[in-house]
Amino acid sequence: LTPHEAAALVVNGTMVALGGWTFYNTPMTVVRAAIRAGVRDIHLVSSPGAIGPELLIAAGCVKRLSTPFLTMEQFGLAPAFRRAVEHGSLEVRETDGPALAASLRAAADDLPYGLIHDLGTDLPSVCPEYYQVFEDPLHSGVRLYAVPALKADVALIHAQRGDCFGNLQYLGATFFDQLLARSARTVIATVDELVATDVLQQSPHLTKVPGFLVDAVVPAERAAYPCGSHGLYPPDLVHLERYARMASTEQGAADYLAQSVYAADEVSVRDGWAGRPR
Amino acid sequence: VTTFGSAQTDSYAISELLAVTLARELKAEEVGILGTRSEIAYAACRLAQLTHAPGLWCVSGPSGVVNPRTNAILPIADDGLFPGAEAVLELTDNLDLIDWNQGCWDFAVLGGLQVDRFGNLNTVVIGDWQRPKLRGPGAIGATVLAAQANHVFIVMTDHTPRSFRPVVDFISAIGFGRTGVERERLALSGSGPRLLLSPLGVFDFAPDSHEMRVRSLHPGQTLSEVQERTGFTLLASSAAPRQTEPPTRVELELLRTCVDVTAVLRDASAVPL
């Protein structure tokens, strides 16, 4: 599919899961396409993220957010996320690592909830509907919470290589992507390279997500840009720092979106920043 | 860059001091897990492996890379850590060890926007959760590592009354809880924070009350100044606490030539959370 066609599968008001990890393997090409398509009111279930969830929040696509971590790493706190939460315009489902993992596993296993240990934090007290005290029928004496399954309508993930059957090869870490692919109803993957199946057949152990779990492949050169793609290219730190700086004001975030998402085609996004010729 | 000492060979950045101090605490055969923003912790693990603890295990939570051996400090999720490492675990498998298993990790290294006198950490919000003054990055896996890793090292890159609070605004990673004795009530498997390293000193937690106390102050710091920059009363055994042992020439040399060739630790802007 084209990024535009893929974005049409992201429906207003649905649950959308995002893969990768902070500055790595975020399916940015489809994130930008979804923003251009004007997606609204999604429940974003995000892997620990950076500019991916940031842009969706800045563009007003997100109604509710479930993520364990959202940061611009060495460039500071995530500015659009900060602003939205501090202004009360974003509903946050406070999610730690175990809760996300248990919720996704429960969805992948078609169970209504997953179990996690009581870790003595304040998360259950601010989100009691998400962290339910578990009355253990086996009376193990272990303090547990049940967290409801998060079955995303669409998962957006990124792999380095894929073929026309949806087989996805990872040349580095997979992060939460395999769990997202197993748990979501529809799985859309951006790939940096669309290759023939016989290329994948030379190294089938790199195919970490088999094609039968994938509904659509969106090939695009440097599809994770400005994030890096493990094994292929590093994140563009100049771009990411510039975003973090611009987005520290609402106007700056709007300017960034105007220049680098709405008014831009994908080639100019990748090539236009910092005057870098390809 | 904050440096101490007169000649260049004797001077070191505060992050280098913290990395060396943490390295000395790490033991061979221990298994450690590192998360995001772990520059000091990664340097400490590498330095320990190159000196007294070659058998130390160092695992990246995000990417699953085991024992990276780079001579430069990279973000812990970066694939630049893969060449020369011993394994890359799939996160979807490693989740069992990170999020549920109670015996795997000997230590974790954690930080936060706020810490309190019982070593509770906050990376979620400053102010009220419903309408925060400042929204932080979130709780991530620190919730479970704080509860279940055998012991926890805390590295705070800011030591001010703003970050060292009597009580944190939100407990995202438990130290000893709001009363100081919560871990027993909750039957947590880990033993809690062992040490806290800040730009001003090294702190531990009293055996019974679990209140933070001064173990050593970094060269040039006085107890009264450190107390003034701490939002609660620190326990101290004497008016003139020990001084943190500065890095030896050998440690500094190893750190700069084999661990941190790109001088991340000397670039002060690279360290804050």
Side-chain angles (χ1 to χ4, degrees), chain A residues 21-24 47-48 67-74 76-78 81-88 90 92 94-102 104-105 115-123 125-126 141-143 171-179 182 208 228-232 234-235, chain B residues 35-37 39 60-65 75 77-80 82 88 90-92 95-96 98-100 102 120 122-125 127 129-148 168 170-174 177 182-183 185-189 269-270 272-273:
Chain A
W21 191 287
T22 64
F23 291 168
Y24 306 91
S47 304
T67 190
F69 208 62
L70 178 38
T71 167
M72 288 303 290
E73 295 278 23
Q74 60 266 47
L77 299 170
F81 173 47
R82 266 195 73 175
R83 203 157 38 242
V85 175
E86 292 164 21
H87 292 177
L90 177 69
V92 177
E94 201 67 61
T95 308
D96 64 344
L100 181 68
L104 295 176
R105 276 203 173 154
L115 296 179
I116 58 174
H117 290 110
D118 180 356
L119 306 169
T121 71
D122 287 340
L123 277 78
S125 67
V126 297
V142 181
R143 302 169 62 96
L171 307 182
T174 47
F175 306 116
F176 277 104
D177 287 15
Q178 290 154 309
L179 200 40
R182 294 202 291 264
K208 301 295 176 70
S229 185
H230 265 204
L232 286 186
Chain B
T36 189
R37 303 314 318 278
E39 290 86 351
S60 158
S63 73
V65 66
D78 198 285
D79 50 325
F82 291 6
V88 179
E90 302 288 339
L91 180 63
T92 46
L95 284 174
D96 290 307
I98 297 172
D99 289 334
W100 284 278
Q102 299 185 322
N120 301 302
N122 173 14
T123 55
V124 170
V125 288
W129 183 82
Q130 289 286 350
R131 200 63 186 270
K133 281 194 280 237
L134 185 149
R135 172 69 214 194
I140 206 165
T143 53
V144 66
L145 298 178
Q148 300 190 164
V168 290
F170 188 100
I171 296 181
S172 58
I174 193 168
E182 285 289 287
R183 297 189 76 92
R185 187 182 68 80
L186 294 165
L188 300 179
S189 59
S269 66
L273 182 83

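Reckoned from all heavy atoms, side chains included, excluding hydrogens, waters and symmetry mates. Lettering follows sequence order; numbering is per chain, from 1.
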Heavy-atom distances under 4.5 Å only: say whether [X] touches chain A with side chain, backbone, both or neither.
X: B/V65; value: neither
X: B/L134; value: both
X: B/W129; value: side chain
X: B/N120; value: neither
X: B/F170; value: both
X: B/A187; value: neither
X: B/R183; value: neither

A/R82 side-chain N/O to B/G136 backbone N/O, donor-acceptor pair under 3.5 Å: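 Judged by distance alone, no pair lies under 3.5 Å.
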Test item: A/H117 side-chain N/O and B/L188 main-chain N/O as donor-acceptor pair under 3.5 Å: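 Checking the backbone N and O of B/L188 against the side chain of A/H117, no donor-acceptor pair under 3.5 Å is found.
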Under 4.5 Å from a heavy atom of chain B, the part of [X] involved:
X: A/A102; result: both
X: A/A101; result: both
X: A/L115; result: backbone
X: A/V92; result: both
X: A/F175; result: both

Within-4.5 Å side-chain heavy-atom neighbours: A/P98 and B/T143: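 In short, these two side chains touch, coming nearer than 4.5 Å.
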Check: A/E73 and B/T36 side chains under 4.5 Å, non-hydrogen atoms: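 B/T36 vs A/E73: side chains touch.
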Among [options], which has the most heavy-atom pairs under 4.5 Å with chain A?
options: B/V125, B/D78, B/I174, B/V124; answer: B/D78
options: B/L91, B/D79, B/L145, B/T92; answer: B/D79
options: B/A139, B/G138, B/P62, B/S60; answer: B/P62
options: B/P132, B/A147, B/G141; answer: B/P132

Contacts of A/R83 that satisfy salt bridge (charged side-chain N to carboxylate O under 4.0 Å, His left out) - sequence neighbours left out: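 For A/R83, no residue satisfies salt bridge (charged side-chain N to carboxylate O under 4.0 Å, His left out) once neighbours in sequence are set aside.
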Quick check: closest heavy atoms across [X] and [Y], and the distance to 0.1 Å?
X: A/R105; Y: B/L95; result: NH2-CB, 3.9 Å
X: A/T121; Y: B/A173; result: CG2-N, 4.5 Å
X: A/A173; Y: B/F82; result: N-CE2, 3.7 Å

When A/G231, A/G97, A/S47 are compared by non-hydrogen pairs under 4.5 Å with chain B, the top option: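 The option with the most such pairs is A/G97.
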Heavy-atom pairs under 4.5 Å with chain B, option from A/L100, A/L171, A/D122 with the top count: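 Most pairs with chain B among the choices: A/D122.
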Distance, nearest 0.5 Å, that separates OG1 of A/T95 from CD1 of B/I140: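 If I round to the nearest 0.5 Å, the distance is 11.5 Å.
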Inter-residue atom distance A/L179.CG - B/E90.CD, 0.5 Å rounding: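 It comes to 12.0 Å.
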side-chain contact (heavy atoms from CB on, under 4.5 Å) partners of A/D118, counting only residues at least two apart: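 A/D118 satisfies side-chain contact (heavy atoms from CB on, under 4.5 Å) with A/R143, A/Y145, B/L186 only.
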side-chain contact (heavy atoms from CB on, under 4.5 Å) between B/Q148 and A/L119, intermediate numbers included: CA-CA 8 Å; B/Q148 300 190 164; A/L119 306 169; 3.9 Å; yes
